[in-house]
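Let me begin by presenting the structure, written as structure tokens, before commenting on it.
Convention: sequence-line order gives letters A, B, ...; per-chain numbering from 1. Predicted, not measured: the structure shown is a model, and the values here were computed from it.
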Amino acid sequence: MVKIREILEGCCADQKVTVRGWVYRKREGKELIFLLIRDSTGVIQCTIKKTSPSWNEAQKLTIESSLTLEGTAKEDKRAPGGFEIGAETITIIGLAETFPISKDKSEEFIRDMRHLWLRSRKMNLVMKVRADVLDAARQYFKSQDYTEVSPPMFISAAVEGGSTLFGLKYFDQDLYLTQSSQLYLEILIYSLENVYCIAPSFRAEKSRTIRHLTEYWHIEGEWPFADMNDLMKFEEGLMTHVCQTIGDKCQKEFAELGADIAKLKAVKAPFPRITYKEAIDRLKPKNPQLAWGADLGYEDEKVLAEDFGKPFFVYDYPTEIKAFYCKTYSDHSEVAMSVDMMVPRIGEISTGGAREENKDILTERMKAQGLKPEDYEWYLDLRRYGTVPHVGFGMGLERLLVWMLDLDNIIDAIPFPRTTRRFYP
RNA sequence: GCCGCCGUGGCUCAGCCCGGUAGAGCGGCUGGCUGUUAACCAGUCGGUCAAAGGUUCGAAUCCUUUCGGCGGCGCCA
């Protein structure tokens, strides 16, 4: 048994080979049948002559039927990929009914057929790149001595305002699905120090855009004894490592997907950094209504991102538009130590910041935002017992992939997308 | 939450503005042809035009409502 990629790489010219896979295309003539067989590694053309003992089985085959095919591999310029197999024996494993997905397909239909569309070349390639991005991210965290941890998905209190939380019945109690693992990572830094997790986050935002999912994978890191500069340095290091690794490793996937790999190779630390105030000043000429204190809209982010043409940071936001746990400057508390990483076309792919380590200030911030400190007793305990300055961030894996792979929509960055309207299969 | 667009055979669409009970391509099936590149040629099967109500002699077409889908903004990663 040999993988199709090995044959396409020239492993077995003029040798007898056996492949296992599915029928990707079939073209049938009177004297000759062409089969394109796919497995997880690629697609190869197989020819069946009328004189071959496999002729009868080949005739029966339908698109997406599974089979084992034995024959002789040979180099042939006429075959896509440069190699083909002259079939001698075909064993049908599962004869497929007429496959519903064909040449003509709409976005809507493809989404209804997600469970079958995942067999497409596009999804196959995207899923491989996704796996490699996850690998690369873990590599980087490990290389910097971070420990991977496993936070809960069921939670009893909100991280931020409760409006975007999914509630659920947990036996007789009301619980929520987590929208960030940050608070749990904050617990773990007191023993493991540098920690990270790669886990789902859930948001009940009724957003109707190409960059929102209700369930997405969140790459989050948290560590003590660090400041904003350490945070940005780590994030740009992570991003650089991921982009360089994928740029080296996934050239074939990018080529077949038609994605721009040069953009990844161009990603190198340090990234441009501008403060929120500088961002406002840059945007003022184009958007005169923009004033200090307003949050940057998606259009504003896009304008900045097009200017830079690569990942960059915006930091030091108004305290008012940031969450209660954001640390503020002691001499000008109207500014919070928060940082977003932005990329062209997508806008924010990551948010991070320094966390308030002073219990009294934190309590005041909670009250100011209408939160009850008694709901966050365990979080306040972290400040009671050996508090430390610390920082952390969360990056949206699928948004990262949309940018890296030039995807049209975030739903193609995850195998089973959940949006406001879709959760099947 | 606000706004816009879409819904016609299994799939992709035309027809809708200017009402007269549906048409093409792909797929399927049959036959032909071909070292083919999501081939080509001929034939054939296949549709209560999203649903309900209204206007009309007559509605896929005009009006109303509902359902489903997509996207933009807001919010966010």
(request) Go through the steps for A:Val242 and A:Leu264 under the test side chain to side chain contact (heavy atoms under 4.5 Å, CB included), then give the verdict. (result) CA-CA 9 Å; A:Val242 169; A:Leu264 300 190; over 6 Å; no

List, with names and distances, any nitrogen or oxygen atoms from the protein found under 3.5 Å away from nitrogen or oxygen atoms belonging to nucleotides 73-75 of chain B.
unit_1	atom_1	unit_2	atom_2	d
B:C73	OP1	A:Glu299	OE2	3.1
B:G74	O6	A:Ser207	OG	3.0
B:C75	O2	A:Ser207	OG	2.9
B:C75	N3	A:Ser207	OG	3.4
B:C75	N3	A:His212	NE2	3.2
B:C75	N4	A:Arg211	NH2	3.3

(message) I need the residues from residues 55-70 of chain A with at least one non-hydrogen atom less than 4.0 Å from RNA chain B; give them sorted by number, or say none.
(response) none

(request) Please answer whether the main-chain N or O of A:Lys277 pairs with a side-chain N or O of A:Asp316 as donor and acceptor at a distance below 3.5 Å. (result) no

(message) Can you measure A:Arg345 atom CZ to B:G71 atom P for me and round it to whole angstrom units?
(response) 13 Å

(request) Give A:Leu213 one of three labels, base, sugar-phosphate or nothing, depending on what nucleic acid heavy atoms sit under 4.0 Å from its own. (result) base

(request) Any chance you could measure A:Ile90, atom CD1, to A:Glu70, atom CD, to the nearest 0.5 Å? (result) 11.0 Å

(message) Tell me the interatomic distance from A:Leu32, atom CG, to B:U37, atom P, rounded to whole angstroms.
(response) 12 Å

(request) Pick base, sugar-phosphate or nothing for A:Ser201, based on heavy-atom distances below 4.0 Å to the nucleic acid. (result) nothing

(request) Nearest whole angstrom, please: distance from the C1' of B:U36 to the CG of A:Asp76. (result) 11 Å

(request) Measure the shortest side-chain to side-chain distance between A:Glu205 and A:Thr214 over non-hydrogen atoms and say whether it is less than 4.5 angstrom. (result) no

(message) Within the 4.0 Å heavy-atom criterion, would you say A:Glu108 contacts the bases, only the backbone, or no part of the nucleic acid?
(response) sugar-phosphate

(request) Would you indicate which nucleotide in B:C76, B:U36, B:G35 comes nearest to any side-chain atom of A:Arg27? (result) B:U36

(request) Round to the nearest Å and state the distance from A:Phe109 atom CZ to B:C70 atom P. (result) 15 Å

(request) Taking atom P in both B:A39 and B:G28, compute the distance separating them and give it to the nearest angstrom. (result) 10 Å

(message) What is the separation between atom CZ on A:Arg203 and atom P on B:A77, rounded to the nearest whole Å?
(response) 5 Å

(message) If I take atom CG in residue A:Asp112 and atom P in nucleotide B:G7, what distance separates them, rounded to the nearest angstrom?
(response) 16 Å

(request) Select base, sugar-phosphate, or nothing to describe what A:Glu220 touches, counting heavy atoms under 4.0 Å on all strands. (result) nothing

(request) Write down the distance between CD1 (A:Ile110) and P (B:G10), rounded to a whole number of angstrom. (result) 17 Å

(message) Once side chain to side chain contact (heavy atoms under 4.5 Å, CB included) is applied, do any residues pair with A:Ile321, and if so which ones, sequence neighbours excluded?
(response) A:Asp295, A:Tyr317, A:Pro318

(request) Cation-pi check, A:Lys263 to A:Trp403: give yes when NZ or CZ is under 6.0 Å from the six-membered ring centre and within 45° of the ring axis, no otherwise. (result) yes

(request) Using a 4.0 Å heavy-atom cut-off across all strands, classify A:Phe34 as base, sugar-phosphate, or nothing. (result) base

(request) Residues of residues 414-425 of chain A with any non-hydrogen atom less than 4.0 angstrom from an atom of RNA chain B: list those, numerically ordered, please. (result) A:Arg421, A:Arg422

(request) Would you state whether a donor and an acceptor, one from the side chain of A:Gln45 and one from the base of B:U36, lie under 3.5 Å apart? (result) yes

(message) Check this one for me: any side-chain N or O of A:Asn409 less than 4.0 Å away from OP1 or OP2 of B:G71?
(response) yes

(message) Using whole Å, what does the distance between atom P of nucleotide B:U36 and atom CZ of A:Phe83 come to?
(response) 20 Å

(message) Just by distance, no angles: are the side chains of A:Thr351 and A:Asp340 close enough, under 3.5 Å, to form a donor-acceptor pair?
(response) yes

(message) Could you check whether any side-chain heavy atom of A:Arg208 comes within less than 4.5 Å of a side-chain heavy atom of A:Arg421, counting everything from C-beta outward?
(response) yes

(request) Please measure how far the C1' atom in B:C18 lies from the corresponding atom in B:G27, and state the result in whole Å. (result) 35 Å

(request) Answer whether the closest heavy-atom distance between the side chains of A:Val314 and A:Val339 falls below 4.5 Å. (result) no

(request) Report the distance from atom CG of A:Leu134 to atom CG of A:Leu397, rounding to the nearest 0.5 Å. (result) 5.0 Å

(message) Check this one for me: any side-chain N or O of A:Arg78 less than 4.0 Å away from OP1 or OP2 of B:U36?
(response) no

(message) Applying ring pair (Phe, Tyr, Trp, His ring centres under 6.0 Å), can you list everything that pairs with A:His241, at least two apart in sequence or on another chain?
(response) A:Tyr140

(request) Output yes when A:Asp39 and A:Arg20 qualify as a salt bridge under the 4.0 Å nitrogen-oxygen rule, no when they do not. (result) no

(message) To the nearest 0.5 Å, what is the distance between CZ on A:Phe83 and CD on A:Glu75?
(response) 4.0 Å

What's touching nucleotides 22-27 of chain B from the protein side, N or O pairs under 3.5 Å?
unit_1	atom_1	unit_2	atom_2	d
B:G25	N2	A:Asp104	OD2	2.9

(request) Mind checking A:Glu28 for me? I need base, sugar-phosphate or nothing, with any heavy atom below 4.0 Å counting as a touch. (result) base

(message) Reading RNA chain B from 5' onward, which residue's closest nucleotide shows up sooner: A:Ile101 or A:Tyr216?
(response) A:Ile101

(request) Flag this pair as yes if the NZ/CZ of A:Arg211 is under 6.0 angstrom from the six-membered ring centre of A:Tyr298 and inside a 45 degree cone about the axis; otherwise no. (result) yes

(request) Between B:A52 and B:A60, how far apart are the P atoms? Round to whole Å, please. (result) 12 Å

(message) Within this structure, what is the CG-OG1 distance for the pair A:Leu67 and A:Thr89, rounded to the nearest 0.5 Å?
(response) 11.5 Å

(request) Output the distance between atom NE2 (A:His218) and atom CZ (A:Arg399), rounded to the nearest 0.5 Å. (result) 9.5 Å

